[in-house]
Amino acid sequence: MSNVKERLLGAITVMDETSAARLWEFVLEMSNNGWDSIEEVEPDEIDLKMIQEIQNDPDCHTFE
């Protein structure tokens with residue numbers, strides 16, 4: 001995962017709900033053509049590991 005993505009995930013993790021909602025609205029505004037215009041990419045090794053953890057570890061579904 002790139003450094004920028006890691007920083008974004010860290011920032012989102014500590015964000016309060018109001019800030020997260022504002023960020024989401026910004027994302028929606030930036031994707032003028034909707035989600036269909038966003039390029040789909042294959043998951044990398046880290047993505048696949050996270051998906052596997054979500055499927056196999058019930059604690060992965062708990063957000064604090």
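- Expressed to the nearest 0.5 Å, how far CE of M50 lies from CD1 of I46 amounts to 8.5 Å.
- The number of heavy-atom neighbours closer than 6.0 Å to CD of Q52, taken from other residues, nucleotides and ligands shown, is 12 or below.
- Residues that satisfy the side-chain hydrogen bond (donor to acceptor under 3.5 Å, both in side chains) test with D44, not counting sequence neighbours, are absent from this structure.
- The structure places CG of L23 at 10.0 Å from CD of E25, a figure rounded to the nearest 0.5 Å.
- In the hydrophobic clustering (ILVMFWY side chains linked at under 4.5 Å, chained through shared members), V4 is joined by L8.
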